[in-house]
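Comments concern the structure below.
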Amino acid sequence: MDPGEGGSPAAPSTSVAAPAFRAGADADTREDAGKQVVVILVGPPGSGKSTFAEAVMAGAAAAGRPWARVCQDTIGKGKAGTKIQCLKAAADALKEGKSVLIDRCNLEREQRSDFVKLGCTVQADVHAVFLDLPAKVCISRSVSRTSHEGNVQGGMAAMVVNRMLKNKQAPLLTEGFSRITFCTDDDDIKKAVDMYSALGPSHSLASGVFGQKSKGPVQTGIMKFLKKADTSSVNKSSGTMVTSSERKTGQQNTTLKQENLEAGGACSMQVEKKLDNLKEKGEQSKERVSSDTSLCTLAFPSISTADFQFDLEKASEVIVDAATDFVQKHDNVRLVLVDLSQKSRILSLVKDKAAKKSFDSSRFFTFVGDITQLHSKGGLQCNVIANAANWRLKPGGGGVNAAIFNAAGEALQHATKECADTLRPGNSVAVPLPSTSPLHQQEGVTHVIHVLGPNMNPMRPDCLKNDYTKGCNVLREAYNSVFENFASIARSYPGKQNDETSSRKSASGVISPNDSKTKREGIDDSERTKKYNSMGSSDAPNQAREEDNKKNGGVTNKTWGSWAQSLYEVAMHPEKYKNADSILEISDEFVVLKDLYPKAKRHVLVISRTDGLDSLADVKKVHLPLLRSLHSAGLKWAHKFLEEDASLTFRLGYHSVPSMRQLHLHVISQDFNSPSLKNKKHWNSFTSAFFLDSVDVMDDVDQHGSATINPDEKLLAMELRCHRCRSAHPNIPKLKSHIGACKSPFPSHLLKDKLLSVSTGRTGCS
DNA sequence: GTTCTAGAAC
DNA sequence: GTTCTAGAAC
């Protein structure tokens with residue numbers, strides 16, 4: 001062990017600790033005794049994280065508490081690894097019932113937020129231990145060490161430590177920690193080590209901030225947090241929030257009360273109980289209410305029933321139908337309809353109607369409160385909130401829209417602008433909320449889904465003039481779009497997976513054109529066609545807006561960069577290129593071309609020659625014979641390649657959202673052994689739900705008249721998983737070395753009819 | 001210092 | 001789609 005680091009090598013054998021940090025003094029024996037703890041160490045190289053972790057591990061083992069240390073410096077088979085590896089190791093340890101020490105620098109909020117989330121997901125207590133030693137101490141220790149696991153040592157160490165400290169952000173309770181311990185010298189560290197070492201399985205530590213010395217008297221526990229919330233979370237747009245003094249006397253129990261749809265529903269009981277605790281115990285329970293959920297939660301306002309004057313009775317029917325339908329189809333998600341007023345008529349209508357339905361009432365309920373302060377003032381943690389936006393996606397206008405833009409700050413405006421310019425009724429757009437936004441920091445909201453509902457107010461744009469047939473359809477589309485976008489976000493939360501079928505089949509994504517939803521509602525193809533055509537039309541008064549909406553609702557009128565035109569050129573004028581080695585076949589219907597940057601040993605494109613078919617989004621039932629021709633040609637070439645190399649396996653399919661213009665089918669061998677496969681996007685575009693198997697596309701077009709595409713950009717940013725054994729890998733080089741060696745069989749859903757090899761023979765239709 | 005990723009420009 | 005490069009991570 002490096003004698004200069006940590007300063008407390010004797011800690012594991014020490015059982016007596018100073019009073020301020022003694023486990024016995026801070027511990028309260030609670031009902032949930034034995035709860036797991038995630039301790040996130042925060043500190044630069046040289047601050048003694050590893051010594052701390054090792055000492056706690058040793059001591060805790062003696063105290064009978066199973067801990068795992070997740071150390072980024074050693075996680076890659078003894079060498080430095082990645083954050084993803086750490087997250088996985090931590091998740092695995094938590095699954096095994098262990099408490100976890102996260103031993104990595106974690107100096108910035110962003111770097112530790114995923115670990116906080118992980119802890120919240122399994123309902124563990126999440127603590128931070130901030131090893132806030134003077135920079136010169138950390139530097140001198142890291143400079144002098146000679147065998148650091150992460151190779152931060154020697155002359156370079158000073159630079160690394162200085163650079164990291166420049167960006168350090170002290171942990172805050174609002175990040176989701178229930179306890180933060182500051183250590184500013186070796187003595188503090190020793191006390192903290194002793195405290196965690198002595199923490200037996202039947203104890204837990206009190207919530208709050210401990211050991212912070214710099215700013216006057218130490219604020220203990222949650223009071224600091226409450227004080228912070230008082231000054232920072234006043235909602236300018238709402239005059240109905242409880243004041244700080246009301247909260248302290250427990251009045252928030254009535255003002256901000258969750259109203260379960262079915263009396264005595266499990267969730268209601270749980271929250272009521274916790275709110276009772278809040279009354280009795282004051283500050284502590286409050287934190288526990290907020291972190292007490294493993295469900296990814298969407299809070300949404302009633303759409304169109306305020307300014308857009310939509311009939312409440314009809315709206316409530318749509319809400320209940322859409323929401324109950326959604327929670328029945330998706331696991332691990334929760335929907336909460338929120339309104340400011342306890343007398344809200346829409347809430348009572350929804351409650352009444354929902355009470356007559358049978359579904360899991362803990363996963364859809366109503367809540368009275370301010371949608372921008374659900375966590376800090378209502379004790380309800382919502383990962384995602386929906387916003388009843390205006391078509392320009394601009395702040396202002398009063399109501400929920402103004403409140404959300406106000407609360408989220410400029411970060412939301414910028415983030416929104418990056419996602420979309422405008423919105424059509426019935427559509428929604430999910431905007432990731434930057435971690436700089438107060439709404440993210442204080443309320444834990446990671447995404448805002450803007451949605452535009454139908455308008456019945458003649459003073460507002462696109463008034464439907466009481467056409468409630470259309471109105472209800474648009475409102476239903478709006479809710480479905482929000483929910484599908486939410487499902488897509490929920491899938492990216494650790495441990496919050498939805499079922500495979502719905503994820504593959506849904507058209508959810510950053511921008512949801514509601515394609516799959518209209519099908520579900522029984523709107524026929526001609527109607528959908530009309531919808532898309534109208535978006536591209538040049539109807540005089542709305543031309544500018546329609547132009548904007550090409551980016552939004554429809555995918556058919558995407559603009560293509562000059563670099564994206566080459567396949568179109570080849571398809572339109574193949575004769576110009578017929579002498580090129582890369583052209584394998586030319587017919588009236590298609591051109592077969594070797595991919596210029598093949599992502600596998602064999603990778604060809606079968607390009608349609610039909611002008612106007614830019615991508616799968618343009619395909620209609622009339623194109624089914626063309627799809628079959630492309631598929632046959634693909635099969636033919638795959639067979640040819642199999643004759644040359646019998647070890648290959650082929651898959652035929654389309655990219656949901658292609659980068660190159662002109663409909664083209666990929667025929668690609670599943671070795672993915674190619675230097676041109678260089679990044680995550682390449683990998684995920686062929687191995688995630690972004691890749692749509694040709695046989696599925698043909699079925700879909702046959703049955704529904706169009707292809708159910710999944711335009712979710714997140715699919716391309718997903719973690720890197722082996723397409724055979726599904727193991728996760730931290731980066732492309734490591735993934736590639738794994739897939740070169742992986743001999744696992746392909747997943748069964750592919751083996752069924754999606755793969756072509758010598759052993760499987762001819763696959764799909766011909 | 002190196003390795004790798006992600007965003008901008010084309 | 002690619003290349004280039006800044007920045008993240010340690």
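Just so we're on the same page: letters track the sequence lines, and every chain starts at 1. Excluded from the calculations below are hydrogen atoms, water molecules and symmetry mates; all remaining heavy atoms, backbone and side chain alike, are included. This one's a predicted model, so the numbers in the text were calculated from it and none came from an experiment.
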So that I know where these two stand, are A:His655 and A:Phe686 an aromatic pair - ring centroids less than 6.0 Å apart? yes
Side chain of A:Lys678 (C-beta onward), nearest among C:dC10, C:dT2, C:dT3: C:dT3
Donor-acceptor check, side chain of A:Arg112 to backbone of A:Leu107, threshold 3.5 angstrom: yes or no? yes
Would you indicate, yes or no, if C:dA9 has its OP1 or OP2 atom less than 4.0 angstrom from a side-chain nitrogen or oxygen of A:Gln111? yes
Is any side-chain N or O of A:Arg104 closer than 4.0 Å to OP1 or OP2 of C:dA9? no
For A:Gln565 and B:dC10, what is the distance between atoms CD and P respectively, to the nearest whole Å? 17 Å
From CH2 of A:Trp683 across to P of B:dC4 the rounded distance in Å is 17 Å
Among B:dC4, C:dC10, C:dT2, the nucleotide that comes nearest once only the side chain of A:Tyr597 is considered: C:dT2
Describe the nucleic acid contact of A:Lys681 in one word from base, sugar-phosphate, nothing, applying a heavy-atom distance below 4.0 Å. nothing
Pair A:Thr416, A:Gln413 - check side-chain contact (heavy atoms from CB on, under 4.5 Å), show working. CA-CA 5 Å; A:Thr416 301; A:Gln413 286 180 53; 5.8 Å; no
Would you kindly give the NE2-to-P distance between A:His682 and B:dT5, to the nearest whole Å? 12 Å
What is the distance, rounded to the nearest whole Å, between atom CD of A:Gln72 and atom P of B:dC4? 14 Å
With a 4.0 Å cut-off on heavy atoms, is A:His655 in touch with a base, just the backbone sugar-phosphate, or nothing at all? sugar-phosphate
Rounded off to whole Å, could you give me the NZ-to-P distance for the A:Lys680 and C:dT2 pair? 17 Å
Atom CG of A:Leu735 and atom P of B:dT5: how far apart are they, to the nearest Å? 10 Å
Qualifying residues under side chain to side chain contact (heavy atoms under 4.5 Å, CB included), relative to A:Thr610, sequence neighbours excluded: A:Ser608, A:Leu613, A:Leu626
What is the nucleic acid contact for A:Lys599, judged by heavy atoms within less than 4.0 Å: base, sugar-phosphate only, or nothing? sugar-phosphate
Could you state the CG-P distance from A:Asn679 to C:dC4, rounded to the nearest angstrom? 15 Å
Figure out the CG/C1' separation between A:Leu677 and B:dC4, and round it to whole Å. 15 Å
So what does A:Leu596 hit on the nucleic acid, given a heavy-atom distance under 4.0 Å: a base, only sugar-phosphate, or nothing? nothing
is_close_aromatic(A:His723, A:Phe672), centroid dist under 6.0 Å: yes
